[in-house]
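Data block below; observations after.
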Amino acid sequence: MATGVPARAPIRWQVARLVERRVETPTAQTLVLEVPDWPGHLPGQHVDVRLTAPDGYQAARSYSIAGPVVDGPGGPRIEVTVQRVHDGEVSPYLIDVFGDGDPVEVRGPLGGWFIWRPEETAPVQLVAGGSGIVPLMAMIRSRRATGSKVPFRLIYSVRTPTDVIYADELRRRVRDDFGLDVAYVYTREAPEGWRGEPHRVGLADVNTHGWPPDLQPLTYVCGPTGFVEAVADLLVGLGHPSRRIKTERFGPTG
């Protein structure tokens with residue numbers, strides 16, 4: 001497994017093919033794409049995916065890359081996790097129609113701000129809302145792949161237990177990846193035995209499950225705009241310098 005580095009050559013569209021599919025939740029799937037000329041990427045970067053209809057109509061969407069690049073028998077492979085968007089143009093096709101071996105155009109890697117570099121030594125706190133877990137999972141996977149010992153803490157907010165993307169893998173990683181802690185916040189329905197009532201991420205969650213500001217952690221927050229702004233305000237209010245908080249917002253484009 002290799003992490004790769006972003007290339008300096010001009011980013012262009014290229015053809016990828018689906019080689020594997022994993023169901024994550026009732027509305028989210030991970031697609032493993034073989035991209036023969038993939039230049040490498042850093043955790044937190046994303047890729048554009050473009051579909052072209054027989055009449056020439058094109059639709060493109062951006063998806064976070066879910067983990068390190070992996071060397072496959074036909075070339076490098078990357079993973080994207082797609083959340084179905086009602087009445088979307090791209091996500092329903094990728095989930096319901098896109099089949100093994102089918103081609104799709106991709107362009108990337110994109111983004112140079114919301115990234116974590118494995119050589120960093122500061123503690124990391126990750127705060128995800130819904131499918132905002134995807135680029136943060138890339139950081140968690142890269143931490144393990146590179147042998148980093150940097151301690152990670154993840155706060156993951158979801159509506160219900162069935163909405164947890166990568167649920168089984170996160171359980172394994174908490175058990176096996178020394179220095180990784182994961183806490184969940186449920187906003188609509190909590191699992192049996194979970195302490196407290198469903199609620200949005202608040203001060204108590206960040207105080208209990210995040211790093212204190214005096215440790216100067218690097219913080220990454222990803223999710224819907226309202227979620228990201230609320231969490232960033234909480235963190236700043238607790239004394240975390242805004243320059244140490246990186247945010248990425250997404251909307252319901254599908």
Side-chain angles (χ1 to χ4, degrees), residues 3 5-6 41-46 64-68 111-158 164-167 169-187 194-196 199-250:
T3 58
V5 294
H41 63 273
L42 290 169
Q45 291 189 296
H46 60 276
S64 295
I65 304 169
W113 163 249
F114 195 80
I115 58 173
W116 176 72
R117 298 180 183 275
E119 61 266 27
E120 295 279 1
T121 58
V124 172
Q125 59 183 357
L126 311 171
V127 189
S131 59
I133 185 64
V134 179
L136 308 186
M137 193 65 176
M139 299 175 190
I140 291 171
R141 289 168 168 168
S142 293
R143 174 185 181 271
R144 175 60 181 263
T146 59
S148 171
K149 303 301 182 184
V150 169
F152 270 39
R153 289 184 175 180
L154 167 66
I155 302 173
Y156 187 8
S157 174
V158 291
V164 177
I165 301 174
Y166 316 125
E169 182 178 352
L170 283 170
R171 280 192 290 269
R172 291 197 306 271
R173 289 191 178 277
V174 168
R175 181 193 66 201
D176 299 337
D177 292 9
F178 180 77
L180 170 66
D181 294 312
V182 178
Y184 295 94
V185 175
Y186 301 94
T187 62
W194 190 69
R195 297 178 62 181
H199 63 277
R200 298 184 184 277
V201 172
L203 184 63
D205 301 298
V206 177
N207 258 332
T208 302
H209 303 295
W211 294 109
D214 58 351
L215 292 182
Q216 299 185 9
L218 286 173
T219 301
Y220 299 84
V221 186
C222 185
T225 297
F227 170 87
V228 169
E229 292 177 350
V231 171
D233 287 345
L234 282 174
L235 291 166
V236 171
L238 285 171
H240 292 273
S242 58
R243 68 179 184 278
R244 305 281 290 179
I245 302 170
K246 297 187 177 185
T247 62
E248 185 160 279
R249 302 162 172 82
F250 62 80

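Just so you know, these numbers use all the heavy atoms, side chains as well, and skip hydrogens, waters and symmetry mates.
- Listed by chain and residue number, Thr81 satisfy the side chain to side chain donor-acceptor pair (under 3.5 Å) test with Tyr166 (two or more places apart in sequence, or in another chain).
- For Glu120, there are no salt bridge (Lys or Arg N to Asp or Glu O under 4.0 Å) partners at least two apart in sequence or on another chain.
- Asp205 pairs by the side-chain contact (heavy atoms from CB on, under 4.5 Å) definition with Val185, His199, Val201, not counting sequence neighbours.
- Between Ile155 and Gln125, the closest side-chain pair of non-hydrogen atoms is not below 4.5 Å.
- Across all non-hydrogen atoms, the minimal contact from Ala122 to Leu218 is CB-CG, 4.2 Å.
- Rounded to the nearest 0.5 Å, atoms CG (Leu126) and CE (Met137) are 10.5 Å apart.
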Mind listing the side-chain donor-acceptor pairs of residues 228-245 below 3.5 Å, one per line with the distance, residues two or more places apart or on another chain?
| from | atom 1 | to | atom 2 | distance (Å) |
| --- | --- | --- | --- | --- |
| His240 | NE2 | Trp211 | O | 3.2 |
| Arg244 | NH2 | Gln216 | O | 2.6 |

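- Within the 4.5 Å cutoff, side-chain heavy atoms of Pro68 are placed close to those of Arg141.
- Residues Val124 and Met139 fail the side-chain proximity criterion, which asks for heavy atoms closer than 4.5 Å.
- Contacts of Arg144 classified as salt bridge (Lys or Arg N to Asp or Glu O under 4.0 Å), with partners at least two apart in sequence or in another chain: Asp177.
- Ser148 meets the side chain to side chain donor-acceptor pair (under 3.5 Å) test with no other residue; sequence neighbours excluded.
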Evaluation steps, side chain to side chain contact (heavy atoms under 4.5 Å, CB included), between Tyr184 and Leu170: CA-CA 11 Å; Tyr184 295 94; Leu170 283 170; 3.6 Å; yes
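- Under the ring-ring contact (aromatic ring centres under 6.0 Å, His included) criterion, Phe152 pairs with Trp116, not counting sequence neighbours.
- When all heavy atoms are compared, the tightest approach of Cys222 to Pro135 is SG-CG, 3.8 Å.
- Under the ring-ring contact (aromatic ring centres under 6.0 Å, His included) criterion, Tyr220 pairs with Phe114, not counting sequence neighbours.
- Two residues are said to be in side-chain contact when any heavy atoms from C-beta on lie closer than 4.5 Å; Ser64 and Glu248 meet this criterion.
- The side-chain heavy atoms of Arg117 and Leu42, taken from C-beta on, include a pair separated by under 4.5 Å.
- Residues satisfying the side-chain contact (heavy atoms from CB on, under 4.5 Å) criterion with Ala128, sequence neighbours excluded, are Ile133, Leu136, Leu154, Tyr156.
- Scanning for salt bridge (Lys or Arg N to Asp or Glu O under 4.0 Å) contacts around Arg172 gives an empty result, with sequence neighbours left out.
- Nearest approach of Thr187 to Ser157, heavy atoms of both residues: CG2-OG, 3.6 Å.
- Applying the side chain to side chain donor-acceptor pair (under 3.5 Å) test to every pair with at least one member in residues 129-140, sequence neighbours left out, gives no pairs at all.
- How far OG of Ser142 is from CD1 of Ile65: 10.0 Å, rounded to the nearest 0.5 Å.
- Under the side-chain contact (heavy atoms from CB on, under 4.5 Å) criterion, Ala167 pairs with Val164, Arg171, not counting sequence neighbours.
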